[in-house]
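Below: one structure, written as C-alpha cells.
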Amino acid sequence: MSEKTTDFDMIIVGAGFAGLYMLHKMRGLGYKAHVVEKGTDVGGTWYWNRYPGARCDIESLDYSYQFDEDLQQEWEWSERYATQPEILKYLRHVADRFDLRKDIDFETTVKAAHFDEGSGKWNIKTDKGDFTARYCVMATGCLSSPNIPDFKGQDSFKGDVYHTGYWPHEGVDFTGKRVGIIGTGSSAIQSIPLIAEQAAHLYVFQRTPNFSVPAHNGQIDAARIANVKSHYKEYRAQNKTRLAGFGEDGKYQEMSIFDVPAEEVQAELDRRWAVGGLQFGGGFADTLFDKKANDIAAEYVRGKIRETVKDPKTAELLCPDSVLGCKRMCVDTNYYDTYNRDNVTLVDVSGSGVQELTEKGLIAAGDEYELDAVVFATGFDAMTGSLNRIDIQGIGGAKLKDKWSEGPKAYLGLMIAGFPNLFTVTGPGSPSVLTNMVPTIEQHVEFIADAIEHLKKAQKTTIDADPEAQDAWVAQVRGIADMTLLPTCNSWYQGANIPGKPRVFMPYLGFPSYIEKCEEVVAKDYEGFKVG
Ligand code: NAP
C-alpha cells in the first residue's frame with residue numbers, strides 16, 4: 001500500500017478514463033478517495049491494448065476530457081484519430097497535471113468487494129491488502145476482460161501466442177514469421193495491415209466478416225483545431241444532443257432514405273465514405289431501424305469491398321451479409337487493400353471454426369496451417385466480464401454473479417439493486433459502448449459525485465437502486481434496442497460472443513435521452529433510488 005491508511009470515503013477500481021476523473025472529482029469535493037489499479041500505470045484500455053495499429057476510432061478532439069477548460073485548450077492532438085501511445089501519453093499527462101498518482105495503488109488487483117451491513121461500508125480485498133470504504137466505484141471498463149476461446153490443444157502450440165488486449169509492452173517483431181490471426185473485429189482490422197507489412201505470411205481466420213469504413217486518418221487540420229477550440233464548450237454541448245454523443249449534422253439525418261432521390265442518396269453515401277469514420281452509418285433517419293433502408297448503405301459498403309479486393313472469392317468472403325451497424329462498425333486504414341498482398345491469406349472458418357491448436361500451428365476448415373505465432377483478436381467479455389471476475393457481494397451476502405446469472409440488471413447502468421453505495425461507471429444499461437465513451441464517463445462520474453453530495457446534504461449514508469425502477473430501466477433498454485436492427489446479429493452488445501453468456505442487449509441507445517432521464521431522476525429527488 002502506498003499509505004498506511006486503508007479506510008477511505010471511496011475506493012475506485014481502475015485507473016482509466018473513468019477512474020482518473022472519479023478520483024479527481026471526489027478529491028475536489030473534499031473526499032478521501034483512492035484508486036486500485038492492476039496495471040503498472042494509468043490508462044485502462046489504453047494501457048493494455050498495445051497491438052500494432054491500435055488507435056481510437058472516435059476523433060481525438062472528441063475522445064478527450066472536457067471537465068477542465070485549460071486541459072482541453074492546452075493539449076494538442078497530432079492526428080484526427082489518436083494512436084494508443086498518444087492517448088496513453090494524454091492520460092499520463094492528466095495523472096501528472098492533477099497529481100493523481102499519489103492516490104493510486106498500481107500493480108494491485110481487486111479480488112473481492114463485500115458490503116458490510118453492520119458498518120454500512122464496503123470491504124475491498126486486493127492481492128496486496130484490504131480496504132474499507134463507504135463508497136465503491138467500479139471503473140473497470142466495458143471492454144477490459146479479454147475473451148480467450150478455449151480451443152482444443154490450446155497449450156500444445158510451440159510458437160508465440162498473443163491477445164490484442166494483453167499486448168507485450170516491448171512490442172512484437174513479426175519479421176520473417178508465419179502469423180495467424182483469429183478474428184476480424186476492430187482490433188484485428190486495425191492490426192492486420194501492419195502485421196501483414198512485417199510477416200512472411202499472414203493467415204486471417206475469419207468467422208464473420210465485419211463492415212469497415214475508411215478512417216482517412218492524418219494530421220488534424222490546424223484551422224479545424226482552432227475552430228473547435230474557439231468554442232469548445234459549445235462544441236461539446238452540441239455533441240451531447242447527438243444520439244451517440246459525437247458526429248456531424250447531416251442534411252438528410254432526419255429523413256428516410258426512401259424520401260431522398262436515389263442520386264442524392266448515392267452522393268451522400270459517397271460524401272460520407274470520403275469523410276470516413278463511424279459517422280458513415282448515420283446518414284439517414286432509418287438506417288438503423290429499417291432493414292430495407294439499411295440494405296442500401298450495407299450494399300454500398302459491399303460495393304467498396306468488391307471494388308478494392310482484387311480476388312473476387314476473397315472479396316465475397318469479406319462482404320458481411322448482416323445489418324450494417326448491428327455489430328459495431330470498424331474503422332480502418334488499408335484493411336481491405338491488405339488482402340491484395342501476396343503474403344496475406346483469408347481463411348473462412350465460418351463453418352467448422354478454428355478446430356484445434358497443434359504443436360506446429362492450427363487446424364481450421366479441415367487444413368493445418370503451420371505458424372510461428374498466433375494472435376487472438378477475439379475480443380472481450382464485454383460490459384459484465386470485469387465485474388464478474390471480482391467476487392462482489394451485496395446485502396445478505398448476495399453475489400452479483402448469481403444476481404446476473406440470467407443477464408445483467410442495473411439502474412441507469414450506474415447502480416445495482418441490493419448493492420448499496422456501489423457504483424458502476426458505464427455499467428450494463430448505460431449508453432457507454434454506443435457512444436463516445438469519454439463524455440459518457442464524465443456524465444456518470446458527475447452523477448455519482450452529485451448523488452454522494454446529495455446524501456451528505458441530506459445527512460444520509462446510503463443510496464441503492466430500487467428493484468422496480470431497475471426492472472423498468474432494463475425493460476426500457478431492451479425495448480429501445482428492439483425497435484432497432486441492433487439485436488439482429490450475434491454481437492458482443494448482447495453477449496453472443498461468449499459461450500454460455502445470457503443473451504441480453506446491454507447498452508442503452510441514445511445519449512441525449514439518457515442525460516434527460518438522469519436529470520429527471522435528480523429533479524424528482526433521486527427517483528428510482530432508495531436513500532437512507
Ligand atoms: P470483437 O469485435 O469482439 O471481435 C472479435 C473477433 O474474434 C470476431 O471477428 C469474432 O468472430 C472472432 N472470434 C471470437 N471468438 C472466436 C472463435 N472461437 N473462433 C473464431 N473467431 C472468433 O473484438 P475486438 O476486435 O477486440 O473489438 C471489441 C470492441 O472493442 C470493438 O467493437 C470496439 O467497440 C472496441 N475497439 C475499439 C477500437 C477503436 O476504437 N479503434 C479498437 C479495437 C476495439 P465473430 O464475429 O464470429 O464472433
Side-chain angles (χ1 to χ4, degrees), residues 17 44-46 48-60 62-63 79-84 87 141-152 154 162-167 180-192 203-213 215 217 244 246 276-278 317-318 320-322 325-333 335 346-357 362-365 374-383 385 426 432-438 489-499 501 506-507:
F17 268 100
T45 254
W46 301 104
W48 298 102
N49 287 268
R50 296 166 187 249
Y51 59 83
R55 63 171 78 238
C56 186
D57 55 16
I58 307 274
E59 295 187 31
S60 11
D62 298 343
Y63 192 84
E79 291 178 77
R80 180 180 178 192
Y81 296 102
T83 59
Q84 173 271 331
I87 301 173
C142 293
L143 294 156
S144 43
S145 185
N147 166 38
I148 302 177
D150 187 16
F151 293 119
K152 191 175 159 200
Q154 195 91 302
Y162 306 97
H163 189 288
T164 49
Y166 272 144
W167 205 257
I181 184 163
I182 304 173
T184 48
S186 296
S187 304
I189 280 175
Q190 288 186 330
S191 55
I192 283 167
Y203 296 91
V204 179
F205 298 97
Q206 174 185 270
R207 189 164 67 181
T208 319
N210 265 302
F211 288 101
S212 188
V213 287
N217 189 36
F246 71 100
L278 293 169
L317 280 177
L318 288 166
D321 61 6
S322 54
C326 76
K327 280 194 180 183
R328 193 169 178 287
M329 267 200 304
C330 304
V331 177
D332 73 277
T333 299
Y335 174 63
L346 181 66
V347 183
D348 175 18
V349 299
S350 58
S352 48
V354 170
Q355 292 154 283
E356 182 176 350
L357 263 71
L362 63 79
I363 299 175
V374 172
V375 176
F376 282 71
T378 45
F380 302 89
D381 183 353
M383 302 200 77
T426 64
S432 61
V433 293
L434 294 177
T435 62
N436 173 6
M437 289 288 270
V438 185
C489 57
N490 293 328
S491 67
W492 57 256
Y493 292 147
Q494 47 188 347
N497 63 327
I498 304 294
K501 187 166 172 173
M506 294 181 282

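Just so you know, these numbers use all the heavy atoms, side chains as well, and skip hydrogens, waters and symmetry mates. Atoms within a ligand are numbered from 1 in the order they appear, just like the ligands themselves. Predicted, not measured: the structure shown is a model, and the values here were computed from it.
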Query raised in the report: Do Val349 and Ile182 have side-chain heavy atoms sitting under 4.5 Å apart?
Result: no
Query raised in the report: Within the structure, does Asn210 bring an N/O atom to less than 3.5 angstrom of an N/O atom in ligand 1?
Result: no
Requested in this report: From atom 33 (C) of ligand 1, work out which of Gln355, Gln190, Arg328, Met437 has a heavy atom at the shortest distance.
Outcome: Arg328
Query raised in the report: For ligand 1, does Phe376 get within less than 4.0 Å through its side chain, its backbone, both, or neither, judged by non-hydrogen atoms?
Result: neither
Requested in this report: Could you tell me which atoms of ligand 1, counted from 1 in the order shown, lie closer than 4.0 angstrom to a heavy atom of Tyr51?
Outcome: 42 (C), 43 (C)
Query raised in the report: Any side-chain heavy-atom pair from Glu79 and Ser60 closer than 4.5 angstrom?
Result: no
Report summary line: With sequence neighbours left out, the residues meeting disulfide bond (SG atoms under 2.5 Å apart) with Cys326 are Cys489
Query - Heavy-atom closest contact (Asp348 atom, Ala365 atom, distance) - result: O-CB, 3.7 Å
Query raised in the report: Would you say Trp46 and ligand 1 have an N/O pair spaced under 3.5 Å apart?
Result: no
Query raised in the report: Ala188 to ligand 1: N or O pair under 3.5 Å?
Result: no
**Report entry** Any Gly353 heavy atom less than 4.0 Å from ligand 1
**Finding:** no
**Report entry** Residue, atom name and distance, where the atom is the protein heavy atom closest to atom 47 (O) of ligand 1
**Finding:** Thr208 OG1, 2.4 Å
Query raised in the report: Closest non-hydrogen protein atom to atom 32 (O) of ligand 1, residue and atom name please, with distance?
Result: Trp492 NE1, 3.1 Å
Query raised in the report: If you measure only the distance, is there a donor-acceptor pair under 3.5 Å linking the side chains of Asp332 and Ser212?
Result: yes
Query - Met437 side chain reached by Thr426 side chain, heavy atoms, under 4.5 Å - result: yes
**Report entry** Distance from atom 11 (O) of ligand 1 to nearest protein heavy atom, with residue and atom
**Finding:** Arg207 NE, 3.7 Å
Query raised in the report: With a 4.5 Å heavy-atom cut-off, do Val433 and Met383 have their side chains touching?
Result: yes
Requested in this report: Write out the residue and atom name of the closest protein heavy atom to atom 5 (C) of ligand 1, then the distance separating them to 0.1 Å.
Outcome: Ala377 O, 3.2 Å
Query raised in the report: Are Tyr493 and ligand 1 in contact, using a heavy-atom cut-off of under 4.0 Å?
Result: no
Query raised in the report: So, is Thr164 polar-close to ligand 1, with some N/O to N/O distance under 3.5 Å?
Result: no
Requested in this report: Name the closest protein heavy atom to atom 26 (O) of ligand 1, giving the residue it belongs to and the distance to 0.1 Å.
Outcome: Ser187 OG, 2.6 Å
Query raised in the report: Are any of the N or O atoms of Asn490 closer than 3.5 Å to those of ligand 1?
Result: no
Query raised in the report: With a cut-off of 4.0 Å, which atoms of ligand 1 are near a heavy atom of Gly183?
Result: 6 (C), 7 (O), 9 (O), 12 (C)
Report summary line: Closest heavy-atom pair, Leu143 versus Thr45, reported as atoms and distance to 0.1 Å, is O-OG1, 3.7 Å
Query raised in the report: Is it true that Ile182 lies under 4.0 Å from ligand 1, counting heavy atoms only?
Result: yes
Requested in this report: Compute the minimum heavy-atom distance from Gln206 to ligand 1 and say whether it is under 4.0 Å.
Outcome: no
Query raised in the report: Do Thr184 and ligand 1 have an N or O pair less than 3.5 Å apart?
Result: yes
**Report entry** Location of contacts on Pro149 toward ligand 1, heavy atoms closer than 4.0 Å
**Finding:** side chain
**Report entry** Closest contact, heavy atoms only, Ile87 versus Phe17
**Finding:** CG2-CE1, 3.9 Å
Query raised in the report: Which of the atoms of ligand 1 are close to Gly185, meaning less than 4.0 Å from one of its heavy atoms?
Result: 2 (O), 4 (O), 6 (C), 9 (O), 25 (O)
Query - Side chains of Phe376 and Val374 in contact at under 4.5 Å (non-hydrogen atoms) - result: yes
Query raised in the report: How far apart are the closest heavy atoms of Lys327 and Asn490, and which atoms are they?
Result: CE-O, 3.3 Å
Query raised in the report: What orientation do Trp46 and Tyr63 show, parallel under 30°, tilted 30 to 60°, or perpendicular over 60°?
Result: perpendicular
Query raised in the report: If we only count N/O pairs under 3.5 Å, is Asn497 in contact with ligand 1?
Result: no
Requested in this report: Evaluate the side-chain proximity of Ser145 to Phe380: yes if any heavy-atom separation is below 4.5 Å, no if none is.
Outcome: no
Report task. Around atom 30 (O) of ligand 1, find the nearest protein heavy atom and jot down its residue, atom name and distance. Result -> Leu143 CD1, 3.4 Å
Query raised in the report: Would you call the rings of Phe205 and Tyr203 parallel, tilted or perpendicular, where under 30° means parallel and over 60° means perpendicular?
Result: parallel
Query raised in the report: Counting heavy atoms only, which part of Phe205 comes closer than 4.0 Å to ligand 1: side chain, backbone, both or neither?
Result: neither
Report task. Side-chain contact test, heavy atoms from C-beta onward, threshold under 4.5 Å: evaluate it for Met329 versus Asp57 and give yes or no. Result -> no
Query raised in the report: Which protein non-hydrogen atom lies closest to atom 31 (C) of ligand 1, naming both residue and atom, and how far is it?
Result: Ser186 OG, 3.6 Å
**Report entry** Contact partition for Asp57 relative to ligand 1, non-hydrogen atoms under 4.0 Å
**Finding:** both
**Report entry** Protein residue, atom and distance nearest to atom 23 (O) of ligand 1, heavy-atom basis
**Finding:** Gly379 CA, 3.1 Å
Query - From Arg55, Lys327, Met329, Gln84 - option closest to atom 46 (O) of ligand 1 by heavy atom - result: Lys327
Report task. Taking all non-hydrogen atoms of both residues into account, name the closest pair between Asn210 and Thr184 and its distance. Result -> ND2-O, 2.8 Å
Query raised in the report: Which heavy atom of Tyr51 sits nearest a heavy atom of Ser191, and at what distance?
Result: CD1-CB, 3.8 Å
Report summary line: Logged contact type for Ala54 with ligand 1, heavy-atom cut-off 4.0 Å, is neither
